[in-house]
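Excluded from the calculations below are hydrogen atoms, water molecules and symmetry mates; all remaining heavy atoms, backbone and side chain alike, are included. Chain naming here is simple, since letters A, B, ... match the order of the sequence lines and numbering starts at 1 in each.
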Number of protein chains: 2
Amino acid sequence: MSSSSVTIKDIAKMLGISKSTVSRALSEHTDVNAETRQRVIEVARKLNYAPNTIALNLKQQRTNIIGVIIPETVNRFFAKAIGGIQRIANLAGYNVMICQSDESSTTEKNNLQSLIAAHVDGVIISVSSETDHTDHFDALLQRNIPVVFFDRISESLQTSQVVTDNYEIAFEGTEHLIAQGRNKIAIVAGPLNLYVSKHRFQGYADALKKHNLPLRDEYIIHSNFHNSDIEAYTKQLINLPERPDAVFAINDYAAIEMMYHFKKHGIRIPEDIAMLGFNNENICKFVEPPLSSIELSSYDLGTTAAELLLRQIKGSRELEKKLVKSKLVIRESTAGKKS
Amino acid sequence: MSSSSVTIKDIAKMLGISKSTVSRALSEHTDVNAETRQRVIEVARKLNYAPNTIALNLKQQRTNIIGVIIPETVNRFFAKAIGGIQRIANLAGYNVMICQSDESSTTEKNNLQSLIAAHVDGVIISVSSETDHTDHFDALLQRNIPVVFFDRISESLQTSQVVTDNYEIAFEGTEHLIAQGRNKIAIVAGPLNLYVSKHRFQGYADALKKHNLPLRDEYIIHSNFHNSDIEAYTKQLINLPERPDAVFAINDYAAIEMMYHFKKHGIRIPEDIAMLGFNNENICKFVEPPLSSIELSSYDLGTTAAELLLRQIKGSRELEKKLVKSKLVIRESTAGKKS
DNA sequence: ATGAAAGCGCTAACAC
DNA sequence: GTGTTAGCGCTTTCAT
């Protein structure tokens with residue numbers, strides 16, 4: 001309480017001048033006698049004065065806070081994106097308020113309410129895997145709150161967005177597997193209501209088609225991002241009459257767990273089955289065999305999203321769509337087939 | 001702008017009554033004519049009225065925001081802790097503002113300034129590994145801002161804190177290795193200015209002493225949490241005249257990377273060297289061999305810290321110190337020595 | 001160049 | 001039970 005409760009009023013009283021003069025002296029850009037200003041600044045420093053942000057907020061009707069809604073912080077992809085967002089936001093003098101939807105549509109809705117109530121100046125969102133309708137985001141548009149979607153975007157909403165080249169990279173990854181002599185490629189796909197999963201799946205499917213490989217239902221596994229059933233899915237694949245010779249997994253953890261179960265069953269990686277992951281976690285380098293994966297620059301996704309949002313907050317009404325490139329990182333798990 | 005700019009003044013005008021009556025009608029607990037209240041509530045709903053939080057904040061001089069400073073969100077330990085903090089905070093109607101120090105003392109200082117400027121109602125902190133003096137935290141105490149440290153606490157400051165049983169669990173882990181027939185146990189320790197590292201190291205050292213094993217300098221590796229030099233450290237251990245027969249690592253990622261390098265050199269785990277990690281990441285189950293580790297309940301650490309903080313925000317002046325128990329999870333990487 | 005006063009949206013002490 | 005008024009800390013016309 002002590003030092004924080006110093007107000008311009010105190011300074012004014014102390015110097016026998018008015019609040020307004022103090023305010024002006026402190027805010028640089030209005031005419032005020034150089035000497036007066038000097039004295040004000042001196043006293044302000046001595047009293048350890050700091051302007052009351054809340055009062056400023058009320059006056060200006062903004063908070064300098066950017067709201068963020070992501071599925072989970074424990075998901076490394078989003079943890080990194082947060083880092084990117086914070087970096088840009090902080091540089092611009094904004095704080096960041098993070099909410100987790102926990103992949104639940106209901107929680108997402110509540111998060112949104114909290115952020116609106118907190119009067120954030122803008123919101124960055126990556127939708128939960130459960131979200132299939134996006135009406136609740138309308139609340140933002142109605143209030144003219146700037147919003148940017150990233151990675152898991154809402155296609156039905158007219159907003160700025162930042163995505164990765166999901167389709168292209170999935171296509172490339174699948175082609176890589178084919179080039180390694182694989183022609184029975186299974187995929188662990190995410191929920192298809194999600195923008196990212198849908199496009200990745202499409203890239204996979206189109207690559208198969210281009211190379212005249214059939215798209216087989218039994219090779220398509222619809223997993224969530226929680227990897228709770230990987231063991232069961234692995235057994236399912238193992239027991240197939242025509243066992244796949246490659247698996248393209250939704251994320252590295254799923255891939256690593258699958259490898260573990262495959263190896264338990266005496267299946268060799270990559271000789272029998274090649275494995276390709278998604279995210280390029282550090283751990284990929286140190287599993288056996290080292291896991292090929294797709295490097296998503298989630299940090300860049302975050303910085304880009306923050307930049308777009310700030311531009312909108314500053315008044316731009318232009319809706320921008322940005323693409324952040326990802327890249328295939330090849331390791332032993334997708335080495336060529338020994339035939 | 002449209003629907004958000006409805007104020008009690010608008011409602012008052014519309015009903016031909018005063019602002020205060022509207023305020024009272026909306027805030028339940030004051031006497032106000034039942035019929036008036038009914039009409040106010042009705043109009044409020046029709047106009048989609050939402051109170052302006054900023055004005056409330058100014059009035060009450062609080063923000064309902066809890067500030068959090070942690071080293072990194074990409075660190076799963078902290079990502080989980082955030083989850084715990086948010087859960088408790090949200091239930092109590094608080095928002096959470098997260099800052100990352102990136103393990104830098106300077107950034108930590110800036111984070112603190114931001115949070116103070118944002119007038120957060122309280123702060124939860126886990127200090128950066130670089131921080132060895134804690135003067136900058138005094139700013140909080142001076143302003144009577146409630147603060148709780150967790151995991152990486154500041155011992156010199158009189159505040160509430162939540163820690164794990166670092167000493168005990170490190171002691172237990174080391175004894176476990178000894179029980180498996182290991183007597184040349186190396187440790188990958190963190191920076192010793194950190195509370196956690198110091199106590200874990202002490203547990204390790206005391207366990208050795210209890211069993212009459214020497215504490216050998218060449219078995220002690222001081223790593224940071226970034227695992228940037230694990231390969232070099234591993235080689236160092238391998239080239240020792242008396243190679244260790246067990247390694248207790250600061251975290252699972254370091255342990256897994258070490259295993260990888262050991263195996264590259266033809267060293268068998270656990271036959272030649274046993275490995276024990278820290279954090280019990282999901283991945284532990286799926287590496288080869290599955291990695292024994294120590295399960296830290298970081299989520300619980302987070303919830304407990306948030307509970308303590310809220311209690312202080314509500315006015316409690318009691319400084320509490322809480323302990324969250326961790327537990328040893330034994331897997332194959334620390335199986336008994338084949339002698 | 002400076003002071004007085006209004007107002008951002010809300011609550012609460014004080015009248016009646 | 002309801003209206004009037006003041007005030008939270010600050011900025012910003014409008015006078016002077």
Side-chain angles (χ1 to χ4, degrees), chain A residues 1-41 43-44 47-65 93 116-121 143, chain B residues 1-41 43-44 47-65 93 116-121 143:
Chain A
M1 285 288 123
S2 52
S3 61
S4 72
S5 55
V6 180
T7 75
I8 50 169
K9 201 167 147 190
D10 300 322
I11 299 178
K13 206 171 291 172
M14 187 150 294
L15 287 166
I17 59 180
S18 79
K19 286 194 315 175
S20 1
T21 307
V22 176
S23 171
R24 279 189 280 252
L26 257 24
S27 62
E28 307 286 321
H29 48 39
T30 347
D31 315 87
V32 52
N33 184 305
E35 197 195 331
T36 316
R37 158 162 298 150
Q38 204 45 52
R39 276 164 47 217
V40 168
I41 291 177
V43 175
L47 263 51
N48 201 6
Y49 167 80
N52 184 325
T53 334
I54 311 182
L56 266 171
N57 291 344
L58 177 58
K59 185 72 191 169
Q60 304 167 165
Q61 294 293 24
R62 33 191 221 77
T63 51
N64 278 301
I65 298 176
I116 291 174
H119 279 250
V120 296
D121 292 348
R143 280 159 224 258
Chain B
M1 283 287 124
S2 52
S3 60
S4 72
S5 54
V6 180
T7 74
I8 49 169
K9 201 167 146 189
D10 299 324
I11 300 178
K13 206 171 292 173
M14 187 151 294
L15 287 167
I17 59 179
S18 81
K19 286 194 312 175
S20 8
T21 306
V22 176
S23 171
R24 279 189 279 251
L26 258 23
S27 65
E28 307 286 321
H29 47 40
T30 346
D31 313 88
V32 52
N33 184 304
E35 198 195 329
T36 317
R37 160 163 295 152
Q38 205 45 54
R39 278 164 46 217
V40 168
I41 291 177
V43 175
L47 264 48
N48 201 5
Y49 167 80
N52 184 325
T53 334
I54 310 183
L56 266 170
N57 291 343
L58 177 59
K59 184 72 191 171
Q60 305 168 165
Q61 294 294 24
R62 30 189 224 79
T63 52
N64 278 301
I65 298 176
I116 291 175
H119 279 250
V120 296
D121 293 347
R143 281 159 223 258

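Checked by atom type and distance alone, the side chain of B/Ser27 pairs as donor or acceptor with a backbone atom of B/Ser23 at under 3.5 Å.
At a threshold of 4.0 angstrom between heavy atoms, the contacts of B/Gln61 are confined to the sugar-phosphate backbone, with no base atom among them. Nucleic acid contact class of B/Leu58 (heavy atoms, under 4.0 Å, all strands): base. Among the atoms of the strands shown, none is found under 4.0 Å from any heavy atom of A/Ser27. Within 4.0 Å (heavy atoms only), B/Asn52 reaches sugar-phosphate atoms of the nucleic acid but no base atom.
By the side-chain hydrogen bond (donor to acceptor under 3.5 Å, both in side chains) test, A/Ser18 is found to be paired with A/Ser20, A/Thr21, residues two or more places apart in sequence or in another chain being considered.
Each of A/Gln60 and B/Ala55 lies near DNA chain D, and the nucleotide nearest B/Ala55 is the one positioned closer to the 5' end. Where B/Arg24 and A/Ser23 meet DNA chain D, the nucleotide closest to each residue was compared, and B/Arg24 sits on the side nearer the 5' end.
When every heavy atom of B/Val32 is checked against every heavy atom of B/Thr36, the shortest pair comes out as CG2-CB, 4.3 Å. Residues B/Lys19 and B/Ala12 approach most closely at N-CB, 3.7 Å, considering heavy atoms. Of all heavy-atom pairs between A/Ile8 and A/Tyr49, the closest is CG2-OH, 3.5 Å.
Extent of DNA chain D lying under 4.0 Å from chain B heavy atoms, first and last nucleotide in 5' to 3' order, is D/dG1 to D/dG9. Chain A approaches DNA chain C within less than 4.0 angstrom (heavy atoms of the protein), and the contacting nucleotides run 5' to 3' from C/dA1 to C/dG9.
Near DNA chain C, meaning a heavy atom under 4.0 Å away, the residues from residues 10-19 of chain B are B/Lys19.
Side chains of A/Ile65 and B/Ile65 form a contact here, defined as non-hydrogen atoms less than 4.5 Å apart. The shortest distance between side-chain heavy atoms of B/Asn52 and A/Gln61 falls below 4.5 Å. Between B/Asn57 and B/His119 there is no side-chain heavy-atom pair separated by less than 4.5 Å. Inter-residue side-chain proximity for A/Val43 and A/Leu15 is flagged as met; some heavy-atom pair is nearer than 4.5 Å.
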Full working for side-chain contact (heavy atoms from CB on, under 4.5 Å) between B/Val40 and B/Leu26: CA-CA 7 Å; B/Val40 168; B/Leu26 258 23; 3.5 Å; yes
Verdict with reasoning, B/Thr63 to A/Ile54, per side-chain contact (heavy atoms from CB on, under 4.5 Å): CA-CA 8 Å; B/Thr63 52; A/Ile54 311 182; 3.7 Å; yes
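Applying the salt bridge (Lys or Arg N to Asp or Glu O under 4.0 Å) test to residues at least two apart or on different chains, the pairs with a partner in residues 53-63 of chain A are A/Arg62-A/Asp121.
Helix bend of the helix from C/dA1-D/dT16 to C/dC16-D/dG1: the angle between its two end axes, each built from five pairs, comes to 50° after rounding to 10°.
Checking each of A/Ile17, A/Ile41, A/Val22 against A/Ile11 for a side chain to side chain contact (heavy atoms under 4.5 Å, CB included) leaves exactly one that passes, namely A/Val22.
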